[in-house]
Amino acid sequence: MIYIDFETRSEVDIKKSGAWVYSLHPSTEILCMAVKVDHTDVFLLKPEQFDGSNTNLTLFNCVNHVKSYISNGVLVEAHNAFFEKAIWHNIMVKRYGWPEIKPEQWRCSASVAAYHALPRSLGGAGKILGLSTIKDDEGKRVMLQLSKPKPRVGGFFEQQEYPEKFQTLYDYCKSDVEAEYAIANKLGGLPNRELKVWQLDQKINERGVHIDIDAVNKSLKILGEYSEKLEKELDILTEGKITTVGQRARILEWCKERGEELPGLTKADVEQALKTVEDAKVKRVLEIRQALSKTSTAKYEAMKNSTAPDGRIRDVLMYHGASTGRWSGKLVQFQNLPRGSIKDMATAIKLIKQGSASSIEMLTDDVMGFMSSAIRGMVCAPQGKKLLVADFAAIEARVLGWLAGSEKMLNQFRNGEDLYKDMASNIYRVDVKDVTAEQRQLGKAAILGAGYGMGAPKFYETCLSWGIKVHEGLAKTAINTYRQTYHHVRQLWYDQEKAAHTAVRTGNRVECGKTIWFMQDDFLKCQLPSGRCLHYYKPELKMKQNDWGESIELSYLAEKMGKAFRNGTYGGKLVENITQAVARDLMADAMLRIEDEGFNIVLSVHDELVAEIPQQTALQNPLERFCNLMAATPNWAKDCPVAAEGWEGINYKK
DNA sequence: CGTTCTCGCGCG
DNA sequence: AAAGCGCGCGAGAACG
């Protein structure tokens with residue numbers, strides 16, 4: 001195994017453009033590369049040494065050895081390998097003529113850390129694992145300094161001028177490789193199945209998602225014109241006291257001065273206030289706040305910054321981004337695109353491409369809403385191709401029913417019954433055929449919300465935030481009805497909590513339904529039906545005083561913003577973790593099957609898959625095949641009622 | 001002036 | 001038997 005780490009510099013902001021666009025830019029340069037071969041000492045190469053010159057004999061031999069190892073297929077590990085891959089392919093190979101490293105040779109220590117539910121960052125993982133080779137803050141500071149142009153004056157810090165800074169950088173680079181090695185030593189690699197999943201993740205990330213960049217540019221123009229207009233109005237309206245809609249404190253203060261006191265400025269607060277506010281100016285300010293608070297502009301900016309010359313954005317999926325194993329998003333976060341309400345996306349995009357705010361204003365008075373709705377459509381199939389999109393139907397509810405062994409719920413899904421209506425009929429004690437649309441809404445909220453132990457007060461709040469009519473008594477009835485109807489689910493909360501506690505207390509292996517809890521090294525592990533494990537680092541049981549008395553709480557070590565803290569957990573939460581994790585495993589399995597059959601996956605959004613295929617294909621009915629592959633269950637979930645449905649088109653939409 | 005923290009918002 | 005959960009990003013405020 002070879003461990004590597006690059007330090008680079010560029011005019012491009014990697015945070016904004018992503019590693020791929022960064023690595024393609026002509027201003028991007030390698031400052032140094034640290035290499036460790038197995039357990040031998042780390043050595044450092046500067047660019048002028050990449051061809052073997054300017055070195056002593058030892059280093060010269062090292063260079064040649066590493067090149068031949070790589071050509072012979074040795075494994076290469078990096079921390080967040082996508083970055084090293086991009087630099088390798090676009091700079092080491094293209095500029096310096098080094099051999100390509102094949103996809104199957106790469107390993108990533110960050111993905112291993114993430115698999116263990118540890119911090120993804122090198123420093124964070126090293127720190128929480130108690131490794132001695134932790135990152136030095138001074139080194140990091142210097143790295144950040146040397147990696148980008150000097151503030152204001154421009155130009156880079158050069159080695160001749162700042163030899164000490166460069167020495168700090170070289171040491172930092174070498175220590176990063178040592179830290180990477182230490183983490184790899186401590187945690188090992190991914191289990192075989194997960195290695196396959198990670199390799200697929202990399203394939204998808206390298207393929208990228210295609211963007212209609214012309215439409216993005218036109219959208220930015222429209223958004224710019226329109227928000228400028230509204231901000232000007234805001235400025236005039238408030239006599240310069242408020243200049244942007246993000247000025248939370250100023251807005252609240254200004255409203256108060258005019259006799260309209262708001263509890264806050266959340267979406268719901270503003271909606272509520274708009275109903276009652278008398279003052280016309282306050283009303284207009286809130287309207288503008290509402291219109292411009294949409295995150296759409298930022299999304300379009302992010303797309304523009306990260307789209308490569310070939311029209312694709314790469315590295316938008318983060319493997320095992322959530323502790324449950326779900327993917328999370330990067331750069332343009334494609335996991336939280338607004339659903340939008342545009343029916344005819346193709347026509348909407350055509351309109352946007354005409355590029356004028358006024359023509360959209362003629363169509364709708366909610367320009368920002370329209371632009372926000374159109375974001376999904378920026379993702380599109382390139383020339384000659386089309387998108388296949390499919391999603392799992394109510395996957396978490398199905399998995400929960402399956403894990404809990406609730407025959408009632410499983411049969412409802414197998415028979416294609418409407419669970420929401422049935423739930424409503426039980427809550428309101430009316431016949432299923434008499435359930436009103438409004439009653440069904442509450443039934444739906446209960447099915448979606450009550451599965452992980454939510455109590456009546458929280459359920460009441462949740463319903464309100466979803467705009468569902470409810471009162472405290474009704475919320476209580478709904479929660480009780482859910483717990484009675486699906487009592488196996490409730491039982492699962494208690495069983496999982498007990499099993500986890502027992503495993504921590506005794507160190508024994510504890511089977512619980514379809515999962516197995518056990519301790520290994522410093523982790524409490526929960527083995528899922530797929531064989532993958534959930535991880536809880538350094539678990540502890542402690543007495544805790546609650547509203548309802550004293551009880552034993554399970555907690556584990558987590559990290560946020562570089563700070564370690566104990567995260568308490570309990571039955572409902574564990575069941576949620578397991579359910580989400582199993583749904584993710586079904587997705588990962590589907591992805592492997594689908595990619596294997598020649599569909600090119602470009603996005604995965606928890607329960608939804610987007611793939612590209614040529615418009616002309618030999619396949620009879622590609623969409624049907626796609627959905628069938630997605631809904632097929634692996635051996636470990638044979639009796640889990642999974643269903644998928646989809647559509648095909650040029651522009652992505654909901 | 002740059003970094004860190006918090007809040008709010010979008011999705012599942 | 002009481003507790004919904006999982007993310008990332010942008011913007012402003014707070015901090016140093």
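In what follows, chains carry the letters A, B, and so on, assigned in the order in which the sequence lines appear, proteins first and then strands, with residues in each chain numbered from 1.
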field: Atom-to-atom span, OH of Tyr319(A) to P of dG8(C) - whole angstrom
entry: 15 Å
field: side-chain N/O Ser323(A) vs dC5(C) OP1/OP2, d < 4.0 Å
entry: no
message: dC11(B), OP1 or OP2 - any side-chain N/O from Lys299(A) closer than 4.0 Å?
response: no
- prompt: Hey, is the side chain of Arg339(A) poking within less than 4.0 Å of OP1 or OP2 on dG12(B), counting only N and O atoms?
  reply: yes
Between dA11(C) (C1') and Arg289(A) (CZ): distance, integer Å: 10 Å
statement: Thr324(A) has its side chain closest, among dG4(C), dC7(C), dG6(C), to dG6(C)
task: Write down the distance between CZ (Phe334(A)) and P (dC7(C)), rounded to a whole number of angstrom.
output: 21 Å
message: Regarding Lys560(A), tell me which of base, sugar-phosphate or nothing describes its non-hydrogen contacts under 4.0 Å with the strands shown.
response: nothing
field: Trp466(A) six-ring face occupied by Lys444(A) cation (under 6.0 Å, within 45°)
entry: no
message: I want to check one thing: is the phosphate of dG8(C), taken as OP1 and OP2, less than 4.0 Å away from some side-chain N or O of Ser328(A)?
response: yes
message: Closest approach to the side chain of Lys573(A), judged atom by atom: which nucleotide of dG4(C), dG8(C), dG6(C) is it?
response: dG6(C)
message: Under a 3.5 Å threshold, yes or no: a donor from one side chain and an acceptor from the other, between Tyr420(A) and Gln441(A)?
response: no
task: State yes or no: are the ring centers of His606(A) and Phe392(A) separated by less than 6.0 Å?
output: no
- prompt: Taking the side chain of Gln333(A) as its heavy atoms from C-beta onward, which of dG12(B), dG6(C), dG8(C) lies nearest to it?
  reply: dG8(C)
Arg376(A) side chain, from C-beta outward: closest of dG4(C), dC11(B), dG6(C): dC11(B)
field: Nearest-neighbour nucleotide for the Leu144(A) side chain, dG12(B), dT3(B), dC11(B) considered
entry: dT3(B)
- request: Tell me the partner of dG4(C), counting only Watson-Crick (N1-N3 plus N6-O4 or O6-N4) or G-U wobble (N1-O2 and O6-N3) with both under 3.5 Å; none if nothing fits.
  value: none
Of the listed nucleotides dG6(C), dG10(C), dC9(C), the one nearest the side chain of Lys330(A): dC9(C)
- request: Take the protein atom CG of Leu574(A) and the nucleotide atom C1' of dA1(C), then report the distance between them rounded to whole Å.
  value: 15 Å
- line: Heavy-atom nearest nucleotide on DNA chain B taken for Lys563(A) and for His606(A); more 5' hit belongs to Lys563(A)
message: Tell me the interatomic distance from Met378(A), atom CE, to dG10(B), atom P, rounded to whole angstroms.
response: 18 Å
message: Under 4.0 Å, heavy atoms only, any strand: does Gly329(A) hit a base, just the sugar-phosphate, or nothing?
response: sugar-phosphate
task: With the side chain of Met454(A) defined as its heavy atoms from C-beta on, choose the nearest nucleotide among dG6(C), dG10(B), dG4(C).
output: dG4(C)
task: May I ask you to say whether Lys544(A) pairs ionically with Glu550(A), meaning some side-chain N is under 4.0 Å from a carboxylate O?
output: no
field: d(OH, Tyr452(A); P, dG12(B)) in whole Å
entry: 15 Å
- prompt: What class does the angle between the rings of Tyr115(A) and His535(A) fall in, given that below 30° is parallel, 30 to 60° is tilted and above 60° is perpendicular?
  reply: perpendicular
Closest nucleotide among dG12(B), dC11(B), dG4(C) to the Trp466(A) side chain: dG4(C)
message: Rounding to an integer number of Å, can you tell me how far Gln145(A) CD sits from dC1(B) C1'?
response: 14 Å
query: Looking at dG10(B), dG6(C), dA2(C), which one has an atom nearest to any side-chain atom of Gln580(A)?
result: dG6(C)
field: Under 3.5 Å: donor-acceptor pair, side chain of Tyr537(A), backbone of Ile128(A)
entry: yes
query: Does the aromatic ring of Tyr570(A) sit over the six-membered base ring of dA2(C), closer than 5.5 Å centre to centre and tilted less than 30°?
result: no
- prompt: How about Lys299(A) and Asn336(A): does a side-chain donor come under 3.5 Å of a side-chain acceptor?
  reply: yes
- request: Could you work out which one of dC5(C), dG8(C), dG4(C) sits closest to the side chain of Asn577(A)?
  value: dC5(C)
- request: For Leu331(A), report the nucleic acid contact type (base, sugar-phosphate, nothing); a contact means any heavy atom under 4.0 Å.
  value: sugar-phosphate
task: Look at all strands and tell whether Glu553(A) reaches a base, only sugar-phosphate, or nothing, counting heavy atoms closer than 4.0 Å.
output: nothing
- prompt: In whole angstroms, how far is the C1' atom of dC9(C) from the CG atom of Asp315(A)?
  reply: 16 Å
message: Between Arg483(A) and dA3(C), is there a contact of a side-chain N or O with OP1 or OP2 at under 4.0 Å?
response: yes
- prompt: Mapping Asn567(A) and Ile552(A) to their closest nucleotides on DNA chain C, which lands nearer the 5' end?
  reply: Ile552(A)
